[in-house]
Amino acid sequence: MKALVAIKRVVDYNVKIRVKADQSGVETANVKYSANPFDEIAVEEAVRLKEAGVVSEVVAVSVGPAAAQETLRTALAIGADRAILVQTDDEVQPLAVAKILKHLAEAETPDLVILGKQAIDDDSNQTGQMLAALLGWAQGTFASKVVVEGGKVLVTREIDGGLETVALTLPAVVTTDLRLNEPRYASLPNIMKAKKKPLTVVPVAETGVDVAPRLTTLKVEEPAKRSAGVKVADVAALVDKLKNEAKVI
Amino acid sequence: MSVLVLAEHDGRALKPATLNTATAAVRLGGPVNLLVVGQGVGAVAEAAAQIAGVAKVLVADDAAYAHPLAEVLAPLVVSLADGHAAILAPATTTGKNVLPRVAAVLDVQQISEITAVLSADTFVRPIYAGNALATVQSKDALKVITVRTTAFDAAPATGGAAEIVTVSAAAAPSAVSAFVGQELAVSERPDLTAARIVISGGRGMQSGDNFHLLEKVADKLGAAVGASRAAVDAGFVSNDLQVGQTGKIVAPELYIAVGISGAIQHLAGMKDSKVIVAINKDEEAPIFQVADYGLVGDLFVELPKLSAALPSP
């Protein structure tokens with residue numbers, strides 16, 4: 001069976017975000033980019049399924065600028081077999097990404113599509129669910145365990161208050177949570193090998209998807225900062241402050 | 001035009017997140033209809049009808065709805081979209097799972113985790129883990145929205161007298177997905193996201209066993225117990241206790257961070273708390289920069305003292 005993995009190029013999680021002075025967005029010039037961490041987990045999971053003999057081919061796909069080819073190369077270095085970049089310099093919002101992924105899924109006919117549960121830039125947490133809806137497939141979101149057996153995938157999901165397991169008929173969409181796995185560091189030989197793996201670039205227009213944004217960002221601001229309060233000498237002083245000053249206990 | 005709110009419940013009672021979402025719905029304007037989906041949810045619907053500001057409670061009670069599978073819930077919500085200007089759900093794991101599926105079918109770009117309603121089409125939502133706030137305007141005729149519950153006050157649970165209407169007599173079970181099982185943490189303490197007071201432990205707790213020190217204080221205060229990602233990753237406690245960017249977002253009246261250094265990822269989950277207390281032996285720990293009250297000291301000394309200083313509930 002074939003696995004399709006979606007991966008997004010985002011501002012690296014270690015970068016301290018700065019809001020632009022004109023409030024038009026966040027500063028992205030001269031900022032380090034990398035693969036969305038949740039998507040890296042998705043690639044790792046697909047590659048592990050391949051190593052376990054469950055999956056025969058892993059195709060990594062991305063929607064974004066030409067530079068997203070680097071991000072796809074990291075997926076290839078982890079162990080994906082080939083990659084497809086749907087190229088555009090415009091902002092593509094989750095619904096449009098889901099439509100593009102649907103287009104790719106119809107062409108590639110994977111049994112499993114694995115994506116990160118959310119991208120750490122827009123924090124939308126939508127694309128996987130939307131893709132499943134558009135394809136009419138089952139969805140297993142926020143996965144902490146994925147087991148493929150007998151034409152089904154058992155997904156253990158991280159839900160408020162604990163865990164839930166669902167059985168999904170394949171083909172299905174799975175989105176990853178943090179505890180699903182720890183992505184490996186790609187070895188140098190694998191990074192070299194990845195450079196020779198096939199990477200196809202498709203202009204977004206060829207997918208026929210209207211990517212015009214439905215949400216207009218009017219402004220981006222910094223959140224209000226909290227200021228440091230006071231240090232208290234001991235527990236008695238703390239309890240006194242909480243009772244008589246803050247009045248919260 | 002009305003606003004439809006997907007109620008969150010556990011089959012027996014409404015979850016408080018529903019009340020916060022109702023407040024956001026009221027701000028959008030227009031009558032608020034609350035949708036209760038489940039099996040044997042008559043009592044939940046009765047409680048929903050009491051919420052102040054709710055015009056109508058729509059009830060879909062069927063065996064197919066025994067578990068909130070997105071594949072079953074989404075078609076029902078889609079079928080009720082007509083006549084509504086907006087569809088809202090709390091940004092809980094259920095809301096986040098179901099609503100994008102609804103939005104895609106309706107060809108709507110969802111607006112996730114709003115923290116403010118500026119007008120019927122303009123909202124504020126956090127991006128980059130809350131390090132920036134975006135004001136976004138939707139061009140879609142219908143709005144599909146998840147609500148960050150900590151950003152909205154709870155609507156009064158009583159005082160309303162909504163009409164209860166049955167909307168779906170029967171439903172087909174999902175052909176592609178099935179519920180297998182659930183492992184829910186059982187606790188006598190309040191739910192982390194709904195608690196008035198939260199006390200969380202970090203890597204400084206050193207082991208899961210040491211969390212009983214926190215629990216003693218929690219029980220005196222009627223507080224929920226949380227943890228930082230470091231404590232979860234170290235295996236001290238289970239992930240459903242995690243407060244932070246990748247865990248739960250909380251905003252209680254009082255948040256007590258114990259042995260937590262204050263990584264950005266943790267602050268993203270608790271910085272909207274009204275009062276923050278930090279107990280840490282490292283006086284340079286970043287957590288002190290956001291704490292209203294800081295106590296520099298060894299938690300293994302200070303926690304028993306704190307527990308002793310508090311009256312029994």
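In this text, all values refer to a predicted model and were calculated from it rather than measured experimentally. So that the names make sense, note that chain A is the first sequence line, chain B the second, and so on, each numbered from 1.
The main-chain N or O of A/Q139 is found under 3.5 Å from a side-chain atom of B/E71 such that the two form a donor-acceptor pair.
Using a cut-off of 4.0 Å between Lys/Arg side-chain N and Asp/Glu carboxylate O, A/K241 and B/D292 are scored as not salt-bridged. Under a 4.0 Å N-O distance rule, the pair A/K99/B/D107 qualifies as a salt bridge.
Proximity to chain B is limited to the backbone of A/S227, based on heavy atoms less than 4.5 angstrom apart. Looking at A/L170, neither its backbone nor its side chain comes within 4.5 Å of chain B, counting heavy atoms on both sides. Using a 4.5 Å cut-off between heavy atoms, A/V232 touches chain B through backbone and side chain atoms alike. Only the side chain of A/I17 comes within contact range of chain B, with heavy atoms under 4.5 Å apart. Contact annotation for A/I159: both backbone and side-chain heavy atoms come within less than 4.5 Å of a heavy atom of chain B. With a 4.5 Å cut-off on non-hydrogen atoms, A/R157 touches chain B through its side chain but not through its backbone. Within the 4.5 angstrom heavy-atom criterion, no atom of A/V10 approaches chain B. Heavy-atom distances place no part of A/A98 under 4.5 Å from chain B, backbone and side chain included. Contact of B/D121 with chain A is not made at all, since no heavy-atom distance falls under 4.5 Å. A/L218 touches chain B through backbone and side chain together, each having a heavy atom under 4.5 Å away. Only the side chain of A/F38 comes within less than 4.5 Å of a heavy atom of chain B; its backbone N, CA, C and O stay farther away.
In plain terms, the two heavy atoms of B/N131 and A/P223 that are nearest each other are O-CD, 3.3 Å.
By the 6.0 Å and 45° rule, A/K231 does not stack over the aromatic ring of B/Y293.
Between A/V11 and B/Y128 there is a side-chain heavy-atom pair separated by less than 4.5 Å.
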Residues A/R179, B/D233; criterion salt bridge (Lys or Arg N to Asp or Glu O under 4.0 Å); working and verdict: CA-CA 9 Å; A/R179 250 146 298 278; B/D233 285 351; 3.3 Å; yes
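For the residue pair A/N125 and B/S112, no side-chain donor N or O sits within less than 3.5 Å of a side-chain acceptor on the partner.
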